[in-house]
Amino acid sequence: MAGLENRLVEVGVQLLESTGPDRLGLREIARQAGVSHGAPRRYFPTHQLLLAAVAKSGLTDLTAQMERVFTGPQPARERLRVAAHEYVGFAQARPEMFRLIFRHDLHRGSGYSLRVVWLPLLDAMAAMVAQASPAVDDPRERGLLIWTHVHGIATFAAGLTLEPAGLDTQVDSLVEKAVQAQLS
């Protein structure tokens, strides 16, 4: 990415995480970046493309975080546990980014697909499942089940949906149970 293009995405990330998605417009990003309101259009002809670039930046961060865990020295079962906690932790620490990353409508037409990142992560999950539980018939399916279970917890935790149910203090326990249920 070019210097100004990077700067616009960085400002978009900062605005998203400090004020939420409502102020994430091209004009506000340009203002915060100190450029004319038309400057972002050179790199991002539509608001959707700018949002997709901001989401891609967050997804890159999340992917790097997950890959560090996946390639760690711990046994596979421990890496799965840690990865699940890291995933939920990302959602809790960066809820607006977490929600934006999974807005599939933004990625259509942006030249970027979640599949590019998601499928290799699923394969890494499957490899860890196969190591952690060799008796599992289909490690890829089991990896997907872990991920979807943990993604649901992350989504609820990021949206503070667990709080009214009195489960907001049990996030770690819920994550542990989600992983264990698929490895038993």
Side-chain angles (χ1 to χ4, degrees), residues 1-72 82-125 143-144 146-164 168 171 175:
M1 267 195 234
L4 179 56
E5 188 177 6
N6 277 333
R7 177 75 181 126
L8 293 168
V9 171
E10 288 170 7
V11 169
V13 169
Q14 292 166 0
L15 276 172
L16 173 69
E17 294 185 342
S18 65
T19 64
D22 296 338
R23 291 198 47 213
L24 198 59
L26 288 171
R27 284 182 180 264
E28 183 61 20
I29 289 172
R31 190 179 76 70
Q32 294 285 327
V35 298
S36 73
H37 71 271
R41 296 247 185 239
R42 278 183 252 149
Y43 302 99
F44 307 106
T46 67
H47 185 237
Q48 179 178 341
L49 289 174
L50 177 57
L51 291 177
V54 170
K56 179 181 176 185
S57 172
L59 186 58
T60 299
D61 293 347
L62 175 59
T63 301
Q65 192 173 330
M66 299 303 289
E67 286 175 346
R68 279 191 299 279
V69 174
F70 288 169
T71 59
V82 172
H85 285 285
E86 289 284 326
Y87 190 82
V88 173
F90 181 93
Q92 289 176 302
R94 300 177 70 184
E96 296 296 349
M97 180 60 77
F98 186 78
R99 284 189 280 275
L100 188 67
I101 286 170
F102 293 102
R103 283 206 33 213
H104 296 275
D105 62 309
L106 294 179
H107 301 289
R108 259 183 305 224
S110 71
Y112 183 71
S113 169
L114 285 174
R115 289 184 188 116
V116 171
V117 174
W118 184 77
L119 291 175
L121 290 177
L122 178 59
D123 290 341
M125 292 276 293
L144 179 62
I146 291 171
W147 197 336
T148 57
H149 206 151
V150 170
H151 182 79
I153 295 167
T155 301
F156 284 143
L160 303 176
T161 309
L162 295 172
E163 192 175 305
D168 55 316
V171 172
V175 170

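Atoms considered below: every heavy atom in the structure, side chains included; atoms not considered: hydrogens, waters and symmetry mates. Just so we're clear, the structure is a prediction, and the values are computed from it rather than from any experiment. In this chain, residues are counted from 1 in sequence order.
Under the 4.5 Å side-chain criterion, counting only non-hydrogen atoms from C-beta, Arg7 is not in contact with Val35. Looking at Glu86 and Leu62, their side chains never come closer than 4.5 Å, going by heavy atoms from C-beta outward. Within the 4.5 Å cutoff, side-chain heavy atoms of Leu100 are placed close to those of Arg103. Met97 places a side-chain heavy atom less than 4.5 Å from the side chain of Phe90.
Across every non-hydrogen atom of Leu24 and Leu15, the tightest pair is CD1-CB, 4.1 Å. Of all non-hydrogen atoms in Leu122 and Trp147, the two that sit nearest each other are N-CZ3, 3.6 Å. Across all their heavy atoms, Pro40 and Leu8 have their closest contact at CA-CD1, 3.7 Å. Between His47 and Gly25, the shortest heavy-atom contact is NE2-CA, 3.6 Å.
Rounded to the nearest 0.5 angstrom, Arg42 CZ and Leu4 CG are separated by 6.5 Å.
With sequence neighbours left out, the side-chain contact (heavy atoms from CB on, under 4.5 Å) criterion links Arg99 to Pro95, Glu96, Ala158.
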*Take Gln14 and Glu10 through the side-chain hydrogen bond (donor to acceptor under 3.5 Å, both in side chains) test and state the conclusion after the steps.*
CA-CA 6 Å; Gln14 292 166 0; Glu10 288 170 7; 5.5 Å; no
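Results of the side-chain contact (heavy atoms from CB on, under 4.5 Å) test with Gln48 over Thr46, Leu51, Leu50 single out Thr46 as the only residue that passes. Applying the side-chain contact (heavy atoms from CB on, under 4.5 Å) test between Val54 and each of Ile101, Val13, Leu59 identifies Val13 as the sole match.
The backbone N or O of Tyr87 lies less than 3.5 Å from no partner atom in the side chain of His151, so there is not a single donor-acceptor pair.
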